[in-house]
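Computed from a predicted model, the values in this text were never measured in an experiment.
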Amino acid sequence: MAHHDEQPDSQPSESSQGRRKKRRGHGEGSIFERKSDRKSRKKPWVAQVTLETGKKKTVGYFRTRQEAQVALRKALNELEQGTVLLGRDQSVRDYLEHWLEYIQKPSIRVTTYILYRRILHKHIIPALGDIPLRRLKPEQIERLYAAKREEGLAAKTISSMHSLLHTALRDAVRRNKVGRNILEMVKAPRATSPERPVLTPEQAVRLIRKVKEHSLEALILLAVMTGMRLGELLALRWQDIDLERGHLQVRRTVSYKAGYGFIETETKTRKGKRSIVLLPPVIETLKAHQARQLEARSKAGDRWKEMDLVFCTRNGNFLIDSFVRRQYYRLLEQAGLPRIHFHDLRHSTATILLALGVNIKVVQELLGHSHVNITLGIYGHVLPGMQEEALQRMGRLLALEGEQEEQGEQGTELSE
């Protein structure tokens, strides 16, 4: 808190000239009279405040001490509220780059940092970077969102822009860079989730048959049967799999980023770390895959890099996700199947399970969603048909019970 009325005037007197002056901190101010010269004859009184950098900033020059005092109190109040930046006007670019590198980066994942940096430098800074931070207006943000919609940018990306800006300006308020978070006045863009194309059960069977004996057979079979993400599959190690008991543990994910290399991290949430049951056909496929890998290891000799990876290169290193996707798309084409993203295999798994009547809580745990609402938000469109089928079953059950009751009553009447 800034000391407003409590601030003593720091006009130097003869008795205090020789004393050592106490250094003022951020949010403090002073008033003093300039030495007599031509400039100071009309406005001899000076008001100053101390900025967060420790530097002193002159508020202005005044005719009377009372005028200087009023101006000082106003400046201190504005400095405390953050409604004015008394130093150099910091641009949106300068603030956001500092915020990302020194405030956010130490506490976020490398992959999140890369995403934030791409959003800032590709979408936000080119449009808003030259605007002084304290002069940024809601209308400028709204025009940016509208322009991005016209460019065809995905609603999810625009929503991510909003979340990033909201967090950055919230921190700016805390640091007295601005007086309020203008993102509170901007309607958050709606991140719509378009209905994803998925494989039908028949198409999933066709894909599994097509990959038989292919180097990606075990990987694609696991993807279809478990709904694991590609990054989770590529980070899977043999120590995570118990082939005897028939289950595996999902613990990590890996991705390749240009300029950064392979980035391996733990799963995002506690629910992301999960145990998955393996059916006998999957276990047999993994055993065959392990045998082929041992042969490749023997051929590689000293070139083999021991990382215990289930899916790896000929030398035992991480597979690049883009390489796997290219092979996967080729297999889809050869099987005469629609070109769907690898991640849509995960959606296919969930949709097929839900269509089979599997409880949505079970599907949530299999996919590793942190909350069942996420699963409902993604796959809610599958539920109406399931509800209809469930009600039909209930109707048949009630009708059957009604018939049994009627037959029972008839039997009673006959016996009487």
Between V363 and H369, is there a side-chain heavy-atom distance shorter than 4.5 Å?
no
Could you grab the distance from atom CD of E202 to atom CG of L337, nearest 0.5 Å is fine?
11.5 Å
May I ask you to decide if the ring planes of Y113 and Y260 are parallel, tilted or perpendicular, using 30° and 60° as cut-offs?
perpendicular
Between R206 and A335, which heavy-atom pair has the shortest distance, and what is it?
CD-O, 3.2 Å
Does the side chain of H347 come within less than 4.5 Å of Y379's, by heavy atoms?
yes
L345 and Y328, any side-chain heavy atoms less than 4.5 Å apart:
yes
Ignoring hydrogens and geometry beyond distance, is a side-chain donor-acceptor pair present between Q290 and K287 at under 3.5 Å?
no
Taking NZ, NE, NH1 and NH2 as the nitrogens, is one of them in E151 or K148 under 4.0 Å from a carboxylate oxygen of the other?
yes
Identify whether the distance between the nearest side-chain nitrogen and carboxylate oxygen of E67 and K43 falls below 4.0 Å.
no
If I compare all heavy atoms of T285 with all of L221, which pair ends up nearest, and what's the gap?
OG1-CD2, 3.4 Å
Are any side-chain N or O atoms of R297 and backbone N or O atoms of G316, one a donor and one an acceptor, separated by less than 3.5 Å?
no
Ion pair R326/E333, N-O distance below 4.0 Å:
no
Under a 3.5 Å distance rule, please check whether T58 uses its side chain to pair with a backbone N or O of G60 as donor and acceptor.
no
Tell me whether E306 contacts the main-chain N or O of D308 through its side chain, where contact means a donor paired with an acceptor under 3.5 Å.
yes
Closest contact, heavy atoms only, L286 versus A218:
CD2-CB, 4.2 Å
Nearest-0.5 Å distance that lies between atom CG in L278 and atom CG in D242:
9.0 Å
Do M185 and I182 have side chains that approach each other closer than 4.5 Å (heavy atoms only, starting at C-beta)?
yes
Could you give the distance from NZ (K105) to OG1 (T112), rounded to the nearest 0.5 Å?
13.0 Å
Does R252 come within less than 4.0 Å of E266, counting only side-chain N to carboxylate O?
no
Before giving the answer on salt bridge (Lys or Arg N to Asp or Glu O under 4.0 Å), spell out for R274 and E232 the whole-Å C-alpha distance, their side-chain angles and the decisive distance to 0.1 Å.
CA-CA 11 Å; R274 58 201 188 275; E232 294 170 341; 2.8 Å; yes
Report the C-alpha distance between Q69 and F62 in whole Å, list the side-chain angles of each, state the deciding distance to 0.1 Å, and finish with yes or no for side chain to side chain contact (heavy atoms under 4.5 Å, CB included).
CA-CA 9 Å; Q69 207 164 27; F62 307 92; over 6 Å; no
Side-chain contact, heavy-atom cut-off 4.5 Å: F32 with Q48?
yes
Quick test of your reading of the model: are E217 and R209 salt-bridged, counting only N-O distances below 4.0 Å?
no
Short N-O contact, E101 and R117, less than 4.0 angstrom
yes
Would you say CZ of R109 has more than 12 non-hydrogen atoms from neighbouring residues, nucleotides or ligands within 6.0 angstrom?
yes
Decide yes or no for L133 and R135: does some side-chain heavy atom of the first lie under 4.5 Å from some side-chain heavy atom of the second?
no
Counting only heavy atoms from other residues, nucleotides and ligands, does the tally under 6.0 Å from CZ of F323 exceed 12?
no
Does a side-chain heavy-atom distance below 4.5 Å link I208 with I220?
no
Flag the pair I141 / L128 as yes when at least one side-chain heavy-atom distance between them is below 4.5 Å, and no otherwise.
yes
What pair of heavy atoms forms the shortest contact from L207 to L332, and how long is it?
CD1-CD2, 4.1 Å
Euclidean distance, S215 OG relative to Q327 CD, rounded to 0.5 Å:
5.5 Å
Tell me whether H98 at atom NE2 has more than 12 heavy atoms from other residues, nucleotides or ligands lying less than 6.0 Å away.
yes
Rounded to the nearest 0.5 Å, what's the gap from CG on D302 to CG on N315? Could you check?
11.0 Å
L216/F311 under side chain to side chain contact (heavy atoms under 4.5 Å, CB included): CA gap, chis, key distance, verdict
CA-CA 8 Å; L216 292 183; F311 306 110; over 6 Å; no
Indicate yes or no for a side-chain donor-acceptor contact from R245 to the backbone of L243 under 3.5 Å, with no hydrogens or angles considered.
no
Positive for side chain to side chain donor-acceptor pair (under 3.5 Å) with D240, one of H247, R251, Q249:
R251
Is a side-chain N or O of T226 found less than 3.5 angstrom from the main chain of L222, in a donor-acceptor match?
yes
For L153, is there any backbone N or O sitting under 3.5 Å from a side-chain donor or acceptor partner on H123?
no
Please work out whether the ring planes of W99 and Y116 are parallel, tilted or perpendicular, with thresholds of 30° and 60°.
parallel
Aromatic ring pairing H166/H162, orientation class (parallel under 30°, perpendicular over 60°, tilted between):
tilted
Q293 side chain to W238 side chain, donor-acceptor N/O pair below 3.5 angstrom
yes
Polar side-chain atom of Y95 near backbone of A168 as donor-acceptor pair, under 3.5 Å:
yes
Output, in order, the C-alpha distance, side-chain angles, deciding distance and verdict of side chain to side chain contact (heavy atoms under 4.5 Å, CB included) for V250 and L236.
CA-CA 7 Å; V250 179; L236 191 64; 5.6 Å; no
Spell out, as yes or no, whether a donor-acceptor pair under 3.5 Å connects the side chain of S298 to the backbone of E295.
no
Indicate the atoms forming the closest heavy-atom contact of T111 with S255, along with that distance.
CG2-OG, 3.8 Å
Report yes or no: does Q203 contribute a side-chain atom to a donor-acceptor pair with the main-chain N or O of T200 at less than 3.5 Å?
yes
Is there a donor-acceptor pair under 3.5 Å between the side chain of H341 and the backbone N or O of H343?
no
Starting at CZ of R237, measure out to CG of L248 and round the result to the nearest 0.5 Å.
14.0 Å
R174 and D171 ion-paired at < 4.0 Å:
yes
Verdict with reasoning, V198 to I340, per side chain to side chain contact (heavy atoms under 4.5 Å, CB included):
CA-CA 7 Å; V198 295; I340 65 172; 5.9 Å; no
In short, R170 meets N181 closest at the heavy-atom pair N-ND2, 3.4 Å
